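Quantities reported herein were computed from a predicted structural model and do not represent experimental measurements. In what follows, chains carry the letters A, B, and so on, assigned in the order in which the sequence lines appear, proteins first and then strands, with residues in each chain numbered from 1.
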Amino acid sequence: MLKSHSCGELRKEHTGQVVTLAGWVHRRRDHGGLIFIDLRDREGIVQVVFNPEVSKTAHELANDLRNEYVIKATGEVAQRPPGTENRKLPSGEIEVIASDLEILNTSKTPPFYINEDVEVDENLCLKYRYLHLRRPRMKDNILLRHRVEKFMRDFLDAKGFVEIETPILFKSTPEGARDYLVPSRIHPGKFYALPQSPQQLKQLLMVAGFEKYYQIARCFRDEDSRADRQPEFTQLDLEMSFVDEEDILKLLEELFTSLVETVKPEMRLVKPFPRFSYAESMERYGTDKPDIRFGLEIRDLSAIVASSEFAVFRAAIQGSGKVKGICLPGCAGYSHKQLEELTELARANGAKGLITLALPLGGYTSLEQLTLDKVKSVAAKYLTIEQVKEMVRKFEAKPGDLMLIVAGEPKMVDKVLDELRREMGRRLNLIDLNLLAFVFVVGYPLLEWNDEAGLWEPMHHPFTSPCEEDIPLLDTDPSKVRARHYDIVCNGYELSSGSIRIHTRQLQEKIFHLLGYSSEEIEERFGHLLEALDFGAPPHGGIAPGIDRVVMLLAGGENIREVIAFPKNQGAIDVMSGAPSSVSEAQLDELHLKLKDEGIIQT
RNA sequence: GGCCCCGUGGUGUAGCGGUCUAACAUGCCACCCUGUCACGGUGGAGAUCGUCGGUUCGAAUCCGAUCGGGGUCGCCA
């Protein structure tokens with residue numbers, strides 16, 4: 001090793017030792033007679049002092065140092081002179097008095113700051129990703145990711161799980177997300193698909209008898225990116241035999257609780273993890289991935305306004321619609337412009353409009369004294385005071401609160417209010433950023449009716465087992481069948497869906513048929529799986545939490561690109577390498593491929 | 001594919017019809033400085049304001065198109 005110690009590890013206990021350090025020049029402070037260098041390596045930063053009285057040659061050479069030069073410096077660790085300690089630095093009590101300096105490599109001036117955490121155009125960061133990763137915050141994110149994955153491995157190993165790799169070149173199963181395809185050279189016209197997840201393979205490992213499997217698995221889905229989604233991502237994929245829902249949920253709760261306590265002890269958890277039924281989550285939060293770090297819960301006002309004169313409400317309720325709302329504390333004073341902004345947000349999410357009711361701040365001490373003329377709302381003249389009071393009671397609203405009401409199709413109403421709720425939770429600073437609010441969502445329906453396609457679709461995936469007692473309903477009323485399916489959600493992000501799987505051929509075939517597959521399709525796509533179920537498949541189930549999102553939440557980020565070493569941008573491009581890129585005609589030939597539009601062969 | 005936001009020295013921002021021959025901070029270069037730590041001081045270089053077109057006597061500024069980026073809807077079994 002070129003170094004005896006790392007920069008970040010030095011403390012006053014090292015005082016008196018002669019150490020050799022190697023790292024990057026983080027910052028240079030040249031006082032003419034005296035030069036201070038903040039030397040940075042993976043472990044942190046330490047101050048190195050160049051004093052001509054200690055070494056004239058080292059001091060002279062230090063004159064040439066610039067940011068990001070790579071250097072090796074030898075010197076004695078010394079306690080800093082009293083009054084010059086730097087409490088902002090863990091190594092701030094000491095410094096290294098350099099007696100020798102070697103420049104291992106020079107550096108061009110970086111295209112953006114490495115020693116300051118100012119936001120820079122993301123494409124530039126991605127182009128010079130290796131420089132961006134030098135930033136302490138980015139470096140810490142990647143190290144955090146390492147600790148998370150290490151913890152998961154250790155935890156599951158201790159629980160008797162076996163880590164097993166599964167193929168990246170696998171078979172296309174065209175339902176679900178779009179596949180990434182890999183053309184076969186040996187088999188003209190045939191393709192592998194990159195796995196959207198190792199779902200089938202892990203089930204087959206259960207049939208194989210491994211009982212407890214896990215893998216930190218890369219998954220590939222060719223769909224448009226989002227802040228929390230990119231084409232390739234990582235899951236902690238796990239599967240267990242001879243378990244029920246309770247076993248999986250208990251394992252997850254223990255895993256995440258001890259993970260947070262180990263790698264991020266300063267963050268708080270809600271324990272035990274609350275459980276919501278799908279119906280309850282939709283009812284109270286308008287979504288199946290609720291952020292429960294704050295209130296502003298949705299309330300159903302349909303019953304209250306059922307007999308309303310107000311055409312907007314009446315029309316909604318007489319159709320198959322709902323009237324629901326949320327209540328914003330202390331927002332009654334919102335200006336016309338602010339209300340218009342909220343209405344715009346509602347419209348952007350599909351609402352025709354937004355009804356607002358502002359409760360006066362003063363003028364009534366008990367609800368009895370509230371009169372209609374004091375309530376500020378375009379709907380006031382169509383409502384009775386009793387209806388308004390009922391709403392106030394339903395929201396437990398206080399004087400000065402603002403009620404936001406949306407009417408229409410239930411799906412739209414939920415979506416709009418979910419959006420408004422999360423936006424206002426942020427704006428009103430109701431969110432505790434140090435809190436990780438994990439929740440389990442259970443009791444999902446097995447199937448969802450797709451009106452456009454005119455067939456049943458699985459809510460999760462076609463391998464999810466229905467609840468035993470609901471199996472007869474598959475023939476009579478499929479919408480009523482509950483799934484043995486659970487989700488884990490944290491701070492409004494879905495970390496994973498999981499389920500107890502179907503483990504008999506008969507039931508699996510029945511589900512495939514219900515989903516509209518012909519016998520031939522079933523055989524072609526899932527024949528290998530069905531055959532496996534015939535050979536003594538054990539009852540089994542599992543889940544696969546998304547590691548990128550977990551690390552993002554632990555890092556306090558809002559974007560998974562901050563916790564992936566080499567991410568792709570929104571257009572699925574690796575800005576650093578330029579992938580995807582053109583290939584030569586020879587390569588295409590070998591793969592028996594021909595581009596449809598010869599023009600696009602040019603770069 | 002739809003919608004919203006953003007493109008101004010290396011970086012981050014300001015300017016939003018004329019006074020812009022484009023401002024500020026930082027970075028960069030040179031010189032000075034022995035206790036700084038976002039060191040300080042003096043001086044200097046560095047931008048045809050993403051691109052194209054239009055409106056106008058006059059465009060960084062207004063309009064249109066286009067390209068690039070971010071967010072989001074659709075999509076994500």
Measure up the A:Phe463 and A:His461 rings against each other and bin them: parallel (under 30°), tilted (30 to 60°), perpendicular (over 60°).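 Ring orientation, 0 to 90° scale: tilted.
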
In whole angstrom, what separates [X]'s [atom1] from [N]'s [atom2]?
X	N	atom1	atom2	answer
A:Glu341	B:rC5	CD	C1'	13 Å
A:Lys127	B:rU11	NZ	P	11 Å
A:Phe112	B:rU13	CZ	C1'	18 Å
A:Asn67	B:rU26	CG	C1'	12 Å
A:Leu124	B:rU13	CG	P	12 Å
A:Glu68	B:rC28	CD	P	11 Å
A:Gln235	B:rC76	CD	P	16 Å
A:Glu344	B:rC5	CD	P	10 Å

For [N] and [M], measure between their [atom1] atoms and round to the nearest Å.
N	M	atom1	value
B:rC52	B:rA60	C1'	16 Å
B:rG17	B:rA22	C1'	15 Å
B:rU19	B:rG12	P	27 Å
B:rG70	B:rC62	P	25 Å
B:rG40	B:rG27	P	8 Å
B:rU8	B:rG71	C1'	23 Å
B:rA23	B:rG18	P	16 Å
B:rC16	B:rC63	C1'	14 Å

Checking base pairs now: Watson-Crick or wobble, both atom distances under 3.5 Å. What partners [N]?
N	answer
B:rU34	none
B:rG68	B:rC6
B:rG74	none
B:rC49	none
B:rC24	B:rG12

Per-nucleotide protein contact string for nucleotides 33-40 of chain B (B base, S sugar-phosphate only, - none; heavy atom under 4.0 Å): BBBBBSB-

Base-contact (B) and sugar-phosphate-only (S) positions in nucleotides 69-75 of chain B, heavy-atom cut-off under 4.0 Å, - elsewhere: SBBSBBB

Mind checking A:Glu457 for me? I need base, sugar-phosphate or nothing, with any heavy atom below 4.0 Å counting as a touch.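 The answer is nothing, as A:Glu457 stays clear of every strand by at least 4.0 Å.
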
May I ask you to say what A:Ser197 touches in the nucleic acid, namely base, sugar-phosphate or nothing, with a heavy-atom cut-off under 4.0 Å?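 Base contact - A:Ser197 has a heavy atom under 4.0 Å of at least one base atom.
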
Spell out, as yes or no, whether a donor-acceptor pair under 3.5 Å connects the side chain of [X] to the backbone of [Y].
X	Y	value
A:Arg221	A:Ser197	no
A:Glu43	A:Glu9	no
A:Arg27	A:Asn115	yes

Which atom names give the shortest non-hydrogen contact between [X] and [Y], and what distance separates them?
X	Y	answer
A:Asp574	A:Lys568	N-CG, 4.2 Å
A:His485	A:Thr464	CB-CG2, 4.0 Å
A:Gly425	A:Leu296	N-CD1, 3.7 Å

Go nucleotide by nucleotide along RNA chain B from the 5' end; which of A:Met459 and A:Pro111 gets its closest nucleotide reached first?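 Here A:Pro111 is the residue nearer the 5' end.
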
Hey, do the aromatic rings of A:Tyr517 and A:Phe512 have their centres closer than 6.0 Å?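 Yes: the rings meet the under 6.0 Å criterion.
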
Salt bridge check: are A:Glu223 and A:Arg229 linked by an N-O gap of less than 4.0 Å?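 Looking at A:Arg229 together with A:Glu223, the answer is no, because their closest N to O distance does not fall below 4.0 Å.
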
Here's a test for you: under side chain to side chain donor-acceptor pair (under 3.5 Å), which of A:Lys202, A:His503, A:Gln203, A:Arg501 qualifies with A:His540?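 The passing option is A:Gln203.
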
Side chains of A:Cys7 and A:Ile45: closer than 4.5 Å at any heavy-atom pair?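 Result no, sub-4.5 Å side-chain heavy-atom pair not found.
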
